Amino acid sequence: MKNYTADDKYIKALDPNKHELAIYTDDLHVSYGSSEAIHGVSLAFERFKITALIGASGSGKSTYLRSLNRMNDNIDGTKVTGKIMYRGLDINGPGINVYEMRKHIGMVFQRPNPFSKSIYDNITFAPKRNGLKDKNKLDELVETTLKQAALWNQVKDDLHQSALALSGGQQQRLCIARAIAMKPDILLLDEPASALDPISTSTVEDTLLALKDDYTIIIVTHNMQQAARISDYTAFFHLGNALEFDETSNVFTNPKIQATEDYVSGRFG
Amino acid sequence: MNSKKWDKVATGVLYFIAGIMILILAFLLIYILVNGLPHVSWHFLTSSAKSFQSGGGIGVQLFNSFYLLFLAMLISVPLSIGAGIYLSEYARKNWLTSLIRSSIDILSSLPSIVVGLFGFLVFSIQAGLGFSILSGALALTVFNLPLLTRNVEESLNTISESQREAGLALGLSKWETVLRVVIPEALPGIVTGMILGAGRVFGEAAALIYTAGQSAPPLDFANWNPFYIASPLNPLRPAETLAVHIWKINSEGIMPDASQVSAGASAVLIIAVLLFNFGARYISARVYRRMTGGQ
Ligand SMILES: Nc1ncnc2c1ncn2[C@@H]1O[C@H](COP(=O)(O)OP(=O)(O)OP(=O)(O)O)[C@@H](O)[C@H]1O
Ligand SMILES: [Mg+2]
């Protein structure tokens, strides 16, 4: 494998006066036990845009993404240092109500993980726990989120069937609907389409493009075409560092860093 | 030989072994039921036992078995659920939790007669509970708790980590996630384990011989005040159960119809245990449907 040095970086700075930032990290380090997986990543994510995180397997994309809503807290022995700034608040700091924060920063995982409850209950479960009791409002929420996730037409006649009876692609869109039912600001997606067939994949992509109007989306993907199709910005990860961050068109047509160029052109490693 | 042939041979051997197990089970069941059922009547099920004459029943023992079972489960179900949740969801991987796990495994492999003698020394003698339902229920708890705890822990462990992440990512607290996502999904397994555990407790004799005792004083089914000595509910009275009764008749029974009473009681016992087993399957299937399919 070629050696790319981490000193050779291009991270485009987003001028806060021109771009409204939804969230950014400052010198974020993540370690599992004694081994550090993310070595000081500083990235900013613009509001109502889609940012793609790309990079080889093991480069730390999931680790980085999962630290943004502190899902790594649940793994014994992980340590996250550095700042994660969200609405002027360091959500990596002490005294943060993690559960409250996750209502603002939702997440969709690589493998569809619907609850083994009905479609309806999957979506209403968390909002109900949050105090939404009104039956009409809940019905409405189910309808709008399923429509946003492009699933409504397929399931509207049988909302009370088990979510486990859906196909993988439908389950993943249900998980997206479930996440946006909490009306988060930011939606984190870790390879949401990697377990799906091409048709479901393109439905999910359309869904994400449609959601961009209301949500800030950060998506990990191995699929370069997907990143090119849907994202506004792309960050390239390599061995725990973000080596390049720029507008997607630049990253794919005119990368500034050798490593990025090799990766996007398939000459990597 | 090629692998296809081997596959056939191996399948044949497995079928053969399975067949033998089914045959043994069928033989046992048929033998016990054929011998015992003719002696089972309403009178037999409801009247009390006789020591010297024939015509005694098993009414009191049957009641004792259920009451003891109820008390034992009343203690061990909540404890095992709490311990199982702790071990599966909260315990960190360190020497203390692995010590707890090994202790539970060792406890669950103790022969029940050892549990019985332990119960005798600790509950009957030291704690002064004597031969009583309470001693028996506590001994049964010692016998049952490790298995139930392991069952709860394992049922929870089968629920994929991604379900917990789904709950947490929606902003639910850890406890809410455990209570409302993980436990409902694990419930069929937990319930099955509980019912099978109940069946095991129901048929248990050795742990009870020296704790709940071997005598079944007549009960006054008209007085349910638990403090009255002949009340069925009195937890401090000695209470021979069905399984202990069978053991006792066979070792020292001197009533003329001892073998018939024993056969009848065995048939009742085996039917009860079978009911627990079928009940476990039926109820867990229902719970599963309820938990996965909407309302
Ligand atoms: N739970 C964990 N415990 C210990 N090490 C971990 C854990 N998860 C990830 N790692 C390590 O952290 C590094 C980054 O892994 P990560 O999963 O973030 O990569 P990734 O870019 O998402 O890869 P992929 O494309 O395969 O999903 C890897 O070296 C991995 O072995
Ligand atoms: Mg990953």
Side-chain angles (χ1 to χ4, degrees), chain A residues 62 65-66 68-77 97-130 158-165 171 174-175 178-184 187-190 195, chain B residues 85-101 153-192 283-295:
Chain A
S62 300
L65 189 78
R66 289 166 56 90
L68 294 181
N69 68 342
R70 292 185 54 177
M71 287 304 284
N72 286 331
D73 286 17
N74 305 305
I75 303 173
D76 272 1
N97 181 341
V98 177
Y99 304 123
E100 195 55 39
M101 175 270 287
R102 290 198 189 117
K103 292 172 190 164
H104 300 277
I105 307 179
M107 186 161 214
V108 175
F109 299 84
Q110 178 170 358
R111 303 213 73 83
N113 57 353
F115 300 127
S116 56
K117 304 178 190 287
S118 70
I119 296 172
Y120 187 96
D121 288 348
N122 258 279
I123 294 174
T124 57
F125 175 62
K128 267 188 189 160
R129 299 300 313 150
N130 237 1
D158 205 0
L159 293 173
H160 291 285
Q161 70 163 312
S162 166
L164 302 181
Q171 289 187 3
L174 177 62
C175 291
R178 178 178 69 183
I180 59 186
M182 290 301 286
K183 307 218 156 61
L187 201 53
L188 310 173
L189 304 108
D190 194 349
Chain B
I85 291 177
Y86 171 74
L87 285 175
S88 153
E89 307 295 322
Y90 290 93
R92 292 185 171 250
K93 286 194 192 79
N94 55 25
W95 62 271
L96 183 65
T97 45
S98 58
L99 183 71
I100 295 179
R101 281 208 182 83
E153 186 193 356
E154 270 153 28
S155 302
L156 293 173
N157 282 345
T158 60
I159 307 306
S160 133
E161 201 50 42
S162 71
Q163 292 291 306
R164 296 175 179 85
E165 291 197 321
L168 292 172
L170 288 167
L172 300 179
S173 69
K174 171 127 189 188
W175 172 241
E176 273 179 310
T177 305
V178 170
L179 188 68
R180 299 184 183 270
V181 176
V182 183
I183 292 182
E185 275 190 51
L187 209 53
I190 295 177
V191 169
T192 308
I283 291 177
S284 83
R286 285 201 52 147
V287 171
Y288 180 76
R289 247 179 290 137
R290 238 191 102 85
M291 286 303 155
T292 53
Q295 311 307 314

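Values in this document were obtained by computation on a predicted structure and should not be read as measured data. Here is the naming used below: chain letters follow the sequence lines, and residue numbers restart at 1 for every chain.
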query: Heavy-atom distance under 4.5 Å to chain A: side chain of B:K174, backbone, both or neither?
result: both
- prompt: Where is the tightest heavy-atom contact between A:F125 and B:R180, given as atom of each residue plus distance?
  reply: CZ-CB, 3.5 Å
query: Contact part of B:E161 toward chain A, heavy-atom cut-off under 4.5 Å: side chain, backbone, both or neither?
result: neither
field: Rounded distance (nearest 0.5 Å) linking atom OG1 of B:T177 with atom OH of A:Y99
entry: 7.5 Å
- prompt: What are the two closest heavy atoms between B:A169 and A:M107, and how far apart are they?
  reply: CB-CB, 4.0 Å
- request: Sort out for me which of A:Q110, A:E100, A:R66 touches chain B most, counting heavy-atom pairs under 4.5 Å.
  value: A:R66
message: How long is the straight-line distance from OG of A:S116 back to CD1 of B:I159, given to the nearest 0.5 Å?
response: 7.0 Å
- prompt: Taking all atoms of both residues into account, what is the closest heavy-atom pair of A:N113 and B:Q163, and its distance?
  reply: O-NE2, 3.7 Å
- request: Rounded to the nearest 0.5 Å, what's the gap from OG on B:S160 to CZ on A:R111? Could you check?
  value: 10.0 Å
- request: Supply the atom-to-atom distance A:F109 CZ to B:E165 CD, rounded to the nearest 0.5 angstrom.
  value: 4.5 Å
message: Assess the residue pair B:R92 and A:D76 against the criterion (salt bridge (charged side-chain N to carboxylate O under 4.0 Å, His left out)); give the C-alpha distance rounded to whole Å, side-chain angles, the decisive distance to 0.1 Å, and a yes or no.
response: CA-CA 8 Å; B:R92 292 185 171 250; A:D76 272 1; 3.1 Å; yes
query: When rounded to the nearest 0.5 angstrom, what is the spacing between CZ in B:R164 and CG in A:N74?
result: 11.0 Å
message: Can you tell me how far apart CZ (A:R178) and CG (B:L170) are? Round to the nearest 0.5 Å.
response: 5.5 Å
Minimum-distance pair of heavy atoms, taken over all atoms of A:M71 and B:L168: CE-CB, 4.1 Å
query: Is it the backbone or the side chain of A:P114 that comes under 4.5 Å from a heavy atom of chain B, or both, or neither?
result: backbone
